[in-house]
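Within every chain, numbering begins at 1; the chains are lettered A, B, ... in the order of the sequence lines, protein sequences first and strands thereafter.
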Amino acid sequence: MRLAGLRPVAAAALLRIVFDLHELRHHLPTARLSFEPWPGRSPFSVAGAKYVAGENRTPRIPEAIITPLLAWSLRYVNYYAGDILASRAELDRLEAKRNRLVAAEAGLDHTDRRSRQRQRLNTYIAALRRQGRGIPIWTTAHNGTTRTDPQSGKVTPPINYHLIHLHAGIDAQVEPAMHLGLTTGAPDLIAAAIAELGTEIGGMDTPISADLDTGLPWRTRFDAKVLALEEVMLQSAAYVVCAYLSGMRDSEIQAMKRGCLSITRAEDGAILRHRIKSTAYKGKRGCGEETEWVTIAPVAEAIAVLERLSARAGQARGTTTLWPVLTLRANTKTHVSAEIVRQLNRFRDHLNDRFGTAQAPIIPASPNGAPWRLTTRQFRRTIAWHIANRPFGTIAGMIQYKHASVAAFEGYAGSSRSGFRGEIEAQRALGQIDDILVYFDDRQGGARLGGPAANRIGAALDTAAHELAPLPAMIADRPRLRTMLGSLARTLHVGPLADCFFDPATALCLNRISEPGATGPMIAMCEPVRCPNACIAERHRPAWQRGADEARLLLREKRLPEPQRVTLQAEVARIERVLEQIAPGAATPRTGVAGEGEEAGFRVTG
DNA sequence: TTGGATTTGGCGCGAGATTG
DNA sequence: CAATCTCGCGCCAAATCCAA
């Protein structure tokens with residue numbers, strides 16, 4: 001096999017078959033292998049392969065991509081899901097009714113059946129007339145076949161005979177001769193109705209909810225095909241929510257079954273904890289180990305949606321998985337499994353096609369210009385990075401973690417044995433290096449620093465730059481730069497109002513807690529204008545600006561008590577000094593804000 | 001009228017490659 | 001090593017067209 005040019009891993013996969021024939025010998029009628037091939041060895045080692053651990057090469061999803069992706073996934077799960085599930089219920093009702101009618105009329109002669117069908121068609125058309133609606137046409141021209149409107153000459157998708165048949169009680173799949181489009185059907189009635197009422201895309205009755213932004217329906221009404229598509233999109237959206245916000249691996253998410261979610265409530269009924277029971281596959285071949293994850297409300301909602309979404313397919317196939325293949329064709333497997341990757345990327349394209357424009361896509365392209373290729377691993381890696389490095393960023397804000405709290409994240413992500421905590425720590429180290437390199441580049445670009453630590457950090461960055469000279473710093477030897485800045489990076493903790501170059505000996509935040517031995521800063525206790533470890537950079541400007549704006553708004557209140565007014569004015573002045581420090585293009589950088597000892601610093605409140 | 005033909009997109013699978 | 005990813009191939013279903 002090796003001579004045939006196969007890589008060792010590929011050869012190992014083939015050898016595994018031989019091993020399986022022995023392992024499963026008691027279950028095989030003929031092809032069993034009675035002797036053990038290569039006793040005590042694995043196919044991997046027999047094939048001569050060896051594992052060389054390298055650097056983690058799964059890319060992190062850029063913030064510009066994960067933020068809208070998560071926002072739209074949550075929108076699907078929280079808002080659109082209602083319409084999608086309701087439409088499916090409507091379609092099920094229509095089909096059941098159609099089946100009843102067909103069965104009831106099976107014994108009648110052809111003419112009689114036809115006249116009943118035409119009568120029901122007339123009833124349906126009358127109902128559309130009452131509601132001011134048109135004859136249903138499909139949303140898309142399925143195979144390029146189109147219909148040309150006899151009056152306007154416009155090209156539209158074809159007439160949705162499928163839906164009309166449901167209302168008229170016809171199963172054209174079973175009895176093609178009953179198709180209403182045939183001359184013996186009712187093309188006369190339908191053509192007349194279109195001339196009178198016009199057409200309507202989709203045509204199902206379930207109303208479409210208003211979009212949060214525009215107040216208009218978020219899409220046209222459903223037809224059977226579009227409904228199936230949106231169900232798959234909803235499944236993908238739920239996957240994004242589960243994968244990203246829980247930090248579970250793909251195999252663990254896909255092992256979730258109906259009823260895997262449990263909620264612990266306090267005595268007063270308030271929700272304390274959402275728990276997911278699933279199976280962790282880590283180093284175990286074949287069978288996994290039941291494990292429990294603690295998660296947050298958005299994931300619980302996504303699972304609730306999945307339970308309803310998977311009900312139909314699950315019932316038809318007799319599975320309890322939350323991830324069935326939704327189409328009910330024969331010869332399909334029961335579980336989405338690896339197809340989820342294609343589905344996720346289809347979801348990305350769907351969002352752009354449906355809700356974005358060429359100029360302003362919903363999910364922007366990746367840095368190389370091509371669409372970002374989503375894979376399942378990226379989500380876990382990205383959330384680990386966010387938890388480690390931006391616990392208060394846009395993602396945290398989106399899921400209502402208003403108060404920056406690393407602990408809250410760790411509460412749901414770190415409790416299980418899935419090794420997620422270790423992953424977070426690995427990402428923290430990487431993030432710190434990335435962040436310090438941003439500092440370095442900004443410094444080379446002339447950016448200025450504020451806060452008490454500004455001088456110390458500025459000097460350290462300049463030293464590094466000096467040592468790299470005479471190379472132009474921007475194209476300097478990056479690996480060497482990483483090494484040089486490594487120790488500084490390890491102390492860096494990014495915060496909303498200031499970054500902390502943490503030194504436990506001088507950290508003010510640690511004065512406020514009693515237990516010694518803290519290994520990191522208490523971000524919620526940060527006093528960025530006083531603490532010698534605080535460094536304020538351009539990226540913190542919006543937060544400070546917001547603080548100033550809020551204070552100014554309060555100052556406009558005429559009946560403000562005088563002491564409070566004085567305090568607020570002092571705060572505005574202090575913020576302005578900070579903003580001045582980091583203002584681009586001003587004179588030489590100054591040290592931290594002097595003479596600011598009289599009161600507790602500007603605390604993190606947002 | 002009827003039984004293919006046509007077209008399209010989605011799905012399942014397998015082989016090999018990649019990743020942690 | 002096990003899990004996961006990639007991607008082409010082939011199959012299938014759906015809706016309608018079209019020739020016999």
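With ring centers used as reference points, Tyr239(A) lies under 6.0 Å from Trp323(A).
Of all nucleotides listed (dC13(B), dT4(C), dT16(C)), dT4(C) comes nearest to the side chain of Asp250(A). Listed candidates were dC5(C), dT6(C), dG12(B). Nearest to the side chain of Arg373(A) is dT6(C). Considering only the side chain of Thr375(A), dT6(C) comes nearest among dT6(C), dT4(C), dG12(B). Considering only the side chain of Arg377(A), dT4(C) comes nearest among dG12(B), dA15(C), dT4(C). The listed nucleotides are dT6(C), dT16(C), dC11(B); the one nearest the side chain of Val232(A) is dC11(B). Across dT16(C), dT6(C), dG12(B), the shortest atom-to-atom separation from the side chain of Val341(A) is found for dT6(C).
Distance Glu230(A) CD to dG10(B) P: 13 Å, rounded to the nearest Å. The CG-C1' distance, from Leu326(A) to dA13(C), rounds to 17 Å in whole Å. In this entry the distance linking NE2 of His179(A) with C1' of dC18(C) reads 15 Å, nearest Å. Between the CG atom of Leu163(A) and the C1' atom of dA14(C) there is a distance of 15 Å, rounded to whole Å. Look at CD1 on Ile164(A): it is 13 Å from C1' on dA15(C), rounded to the nearest Å. Atom CD of Glu339(A) and atom P of dC7(C) are 14 Å apart (whole Å). Atom CE in Met178(A) sits roughly 19 Å away from atom P in dT16(C) (whole-Å rounding). Following rounding to the nearest Å, Lys225(A) (NZ) and dT7(B) (C1') show an atom-to-atom distance of 12 Å.
Arg342(A) and Glu339(A) are joined by a salt bridge, as a carboxylate oxygen and a charged side-chain nitrogen come within less than 4.0 angstrom of each other. A salt bridge links Glu105(A) to Arg120(A): one of the charged nitrogens lies within less than 4.0 Å of a carboxylate oxygen.
Enclosure of atom CZ in Arg258(A) by more than 12 non-hydrogen atoms of other residues, nucleotides or ligands within 6.0 angstrom is indicated.
Using a 4.0 Å heavy-atom distance criterion, Arg342(A) is classed as a base contact. In this structure, Leu229(A) reaches neither bases nor backbone, as no heavy-atom distance under 4.0 Å exists between it and the strands shown.
Between Trp138(A) and dA14(C) there is no side-chain N or O to OP1 or OP2 distance below 4.0 Å. The side chain of Arg346(A) contributes an N or O atom lying less than 4.0 Å from OP1 or OP2 of dC11(B).
Side-chain N or O atoms of His165(A) include one that pairs as donor or acceptor with a backbone N or O of Leu180(A) at under 3.5 Å.
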